[in-house]
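Right, one structure below, let's go through it.
As the structure lists them, so they are numbered: ligands from 1, and atoms in each ligand from 1.
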Amino acid sequence: MSNERGRDLAPDVKIPYLGFGTYLIPDGEAAAAVYEAIRAGYRHIDTAEFYRNEAGVGEGIRRAVADGLVSRGDLFVTTKLWPGNAAWGQTPKTTETTIASLDASLDRLGLDQVDLYLIHAPFDREQRLAQWRGLVALKEQKKARAIGVSNFDIGHLKELEAAGLPQPQANQIELHPWSQKPRLVGYLAERGIVAIAYSSLVPLSTWRSAPGHDSAKTDAMKSDSERADSPFKALAKKYGVSEAQVVLRWGIQQGYPVLPKSTNPARLRQNADIFSFRIDDGDMAAIAKLDRGDGVAWSVGDPTKAA
Ligand SMILES: NC(=O)c1ccc[n+]([C@@H]2O[C@H](COP(=O)([O-])OP(=O)(O)OC[C@H]3O[C@@H](n4cnc5c(N)ncnc54)[C@H](OP(=O)(O)O)[C@@H]3O)[C@@H](O)[C@H]2O)c1
């Protein structure tokens with residue numbers, strides 16, 4: 001890729017590479033954070049029913065539009081269906097309640113349509129298919145311009161294909177130099193499904209270090225993040241940027257839209273500055289060797305792999 005700001009998601013839908021993540025931003029702070037992000041140049045906002053901040057996100061968008069910073073058409077807004085999981089004592093969503101869920105999200109957001117609607121995670125097989133049918137209907141109703149999934153592995157995607165359903169247009173997954181998922185990413189690329197990267201900043205020592213923001217990083221990962229001879233610190237020095245910019249730039253050079261979250265205005269601006277430098281091929285090859293496997297986000301497992 002060049003310094004392009006976005007890539008095709010569907011024939012008539014382009015997704016900006018730079019997105020603003022909103023997980024762990026409380027509803028009461030989301031409007032100010034989203035407004036600030038839009039002011040800093042973000043045109044892609046990622047939220048979810050599960051984050052309980054859609055109302056605040058919508059308020060931030062409305063303020064930005066009212067102040068003339070952007071029009072709705074300049075923005076790419078993603079939200080996600082919380083599918084419900086019987087194993088956690090929740091009622092799994094059906095096709096009908098999936099459709100009702102996006103209506104409720106749109107009400108909270110104050111929007112007529114989202115640009116991308118995702119199933120947040122795959123739980124049991126019957127739900128996945130029923131929910132995906134709901135997303136297909138929502139796209140036909142034009143309540144979502146594009147539809148996709150999140151945290152789906154190859155087996156989950158194959159199930160949709162085997163059921164004769166349209167394939168997702170995106171899969172939002174944990175992707176960063178420590179979790180590169182080459183097999184899954186290769187599978188997505190072969191089918192033209194866009195991989196969207198979340199938790200890009202896991203290799204940094206500051207990742208979810210605030211009280212209550214459980215990082216789920218192992219002690220070994222935490223100490224590797226802090227090492228003075230960390231490869232990301234060396235690359236940051238070489239390119240005259242921060243470690244955050246290095247790992248985000250790695251993502252977009254791989255072709256992945258990224259979703260950095262920050263409620264710190266200086267970091268939020270820094271994270272948006274990822275189009276003014278390029279990691280050279282030698283350094284990209286060196287980063288390719290840093291893969292450690294599955295990552296730290298919760299995982300529901302691949303149904304094609306033995307339990
Ligand atoms: N689909 C899914 O299952 C899923 C799962 C996880 C995340 N996501 C999405 O992806 C987004 C991003 O993932 P994430 O929230 O896990 O984390 P992230 O964006 O990878 O990292 C955020 C953490 O890094 C810190 N940080 C941000 N910018 C920094 C900088 N320039 N220098 C140093 N530290 C910095 C933040 O602290 P401060 O806020 O204090 O700056 C926060 O602790 C989420 O917000 C959400 O929208 C989706």
Electrostatic pair Glu36-Arg39, nearest N-O below 4.0 angstrom = yes

key: Qualifying residue for ring-ring contact (aromatic ring centres under 6.0 Å, His included) with Tyr42, from Phe20, Phe76, Tyr35   = Phe20

key: Electrostatic pair Lys181-Asp294, nearest N-O below 4.0 angstrom   = no

task = Give a yes/no on ligand 1: does Ser200 have at least one heavy atom closer than 4.0 angstrom to it?
result = yes

request  = Run the numbers for me: atoms of ligand 1, each under 4.0 Å from some heavy atom of Asp46, listed by number.
outcome  = 9 (C), 46 (C), 47 (O)

remark   = In ligand 1, the atoms that come under 4.0 Å of a heavy atom of His120 are 1 (N), 2 (C), 3 (O)

remark   = Candidates Phe20, Phe50, Trp207, Tyr198; heavy atom nearest atom 2 (C) of ligand 1 found on Tyr198

Pairing of Glu49 and Lys93 as salt bridge, 4.0 angstrom limit = yes

remark   = Short version for Asn151: what comes under 4.0 Å of ligand 1, heavy atoms counted, is side chain

ask   = Can a non-hydrogen atom of Pro260 be found less than 4.0 Å from any atom of ligand 1?
value = yes

inquiry  = Heavy atoms only: which of Gln270, Glu243, Arg267 lies closest to atom 38 (P) of ligand 1?
reply    = Arg267

ask   = Asn264 heavy atoms, cut-off 4.0 Å: which ligand 1 atoms fall inside?
value = 41 (O)

inquiry  = Show me which atoms of ligand 1 lie under 4.0 Å from any heavy atom of Gln172.
reply    = 1 (N), 2 (C), 4 (C), 8 (N), 9 (C), 48 (C)

inquiry  = Lys80 versus ligand 1: do any nitrogen or oxygen atoms come within less than 3.5 Å of each other?
reply    = no

ask   = Which is it for Asn271 and ligand 1 at heavy atoms under 4.0 Å: side chain, backbone, both or neither?
value = side chain

task = Assign the ring pair Trp88 / Trp82 to parallel, tilted or perpendicular, where the plane angle (0 to 90°) is split at 30° and 60°.
result = parallel

Atom pair CG/CG of Asp27 and Asn53 - distance to nearest 0.5 Å = 6.0 Å

message = Any nitrogen or oxygen of Lys261, side chain or backbone, less than 3.5 Å from one on ligand 1?
response = yes

query = Looking at Tyr17, does the NZ or CZ of Arg5 lie under 6.0 angstrom from its six-membered ring centre and within 45 degrees of the ring axis?
reply = no

request  = Assess whether atom NZ of Lys14 is packed by more than 12 heavy atoms of other residues, nucleotides or ligands within 6.0 Å.
outcome  = yes

inquiry  = Does any N or O of ligand 1 fall below 3.5 Å from an N or O anywhere on Val202, backbone included?
reply    = no

key: ligand 1 versus Ala244: contacting region, heavy-atom distance under 4.0 Å   = side chain

query = Is Asp115 salt-bridged to Arg72, going by a charged N under 4.0 Å from an acidic O?
reply = yes

task = Look at the rings of Tyr239 and Phe277 and say which category their plane angle falls in: under 30° parallel, 30 to 60° tilted, over 60° perpendicular.
result = tilted

task = Have a look at ligand 1 and work out which part of Leu204, if any, has a heavy atom under 4.0 Å from it: side chain, backbone, both or neither.
result = side chain

